[in-house]
Amino acid sequence: MRGRGSCRSRILATSAGFTLIELLMVMALLVAILGLTMVNIIRPQTRASLTSTLHAVLADLKGQQLKAMVGDSGNAAAAQAHGVFLESGQYTLFKGNTYPAGDSENFVAPAQGGATISTTFPSAQIVFNKGTGEVACFVAATCSAGTNTITLTSASETKVITLNRYGAIAVN
């Protein structure tokens, strides 16, 4: 009997636990699953950031055009043109025919999620004429069909906003 018990204890001692290769395989599998999960979690956030920046820019363009058309004067005595000044990581809403850099009434809106903004509009500004809401550079003939876009770019996606003479917006 003694021989049988010692044989059984030897078998149990050698078969208990996992080998190093088994542990490494399980760890590699977990790392691969975690990596795929993180990629899928982060990607929708960058899309959402570009989409939210796109919607904010569109709403602000339409809002500035509407203010110009209605004749919103803010603190000024008479109705004024309104516009948007575009920079790489932000844009500024202003009133008047040109962008006044130091005006305390300017509203600066940052691009969300690291999105960048670029434009082909002259002087990186879009001004809507008071009363009509037309884009001023078309009326003054300083911009044309090739110089009327705003491009929003994130890590994996690009959206192009195109304005025509009347301020109508198209998104590609």
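Model, not experiment: these values are computed from the prediction. The figures that follow rest on heavy atoms only: side chains count, while hydrogens, waters and symmetry mates do not.
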Quiz item: Does V127 reach the side chain of T98, with side-chain heavy atoms less than 4.5 Å apart?
Solution: no
Self-check item: Close side-chain approach of L54 to I161, heavy-atom, < 4.5 Å
Solution: yes
hydrophobic_cluster_shared for [Y] and [X], side chain cutoff 4.5 Å:
X    : Y   : answer
V135 : M69 : no
L66  : L61 : no
F107 : Y91 : yes
V171 : V57 : yes

Nearest heavy-atom neighbours spanning [X] and [Y]:
X    : Y    : answer
V84  : L93  : CG2-CD2, 3.7 Å
G83  : Q64  : O-NE2, 2.8 Å
N129 : A81  : CA-CB, 4.3 Å
T119 : A124 : CG2-CA, 3.7 Å
I126 : I150 : CD1-CD1, 3.4 Å
A109 : D60  : CB-OD2, 4.5 Å

Self-check item: Side-chain donor/acceptor of E22 to backbone N/O of T19, under 3.5 Å
Solution: yes
Quiz item: With distance as the sole test, does N148 use its side chain to make a donor-acceptor pair with the main-chain N or O of L163 at under 3.5 Å?
Solution: yes
Distance in Å, [X] [atom1] paired with [Y] [atom2], rounded so as to fall on 0.5 Å steps:
X    : Y    : atom1 : atom2 : value
T53  : L58  : OG1   : CG    : 10.5 Å
Y166 : F128 : OH    : CZ    : 14.5 Å
T51  : E157 : OG1   : CD    : 5.5 Å
D103 : K95  : CG    : NZ    : 7.0 Å
C137 : R165 : SG    : CZ    : 10.0 Å
Q80  : F94  : CD    : CZ    : 10.5 Å

Quiz prompt | I21 CD1: over 12 foreign heavy atoms closer than 6.0 Å | solution = no
Quiz item: Under 6.0 Å from the CG atom of N106, do we count more than 12 heavy atoms belonging to anything else shown?
Solution: yes
Quiz prompt | Parallel, tilted or perpendicular: ring planes of F138 versus F121, cut at 30 and 60 degrees | solution = perpendicular
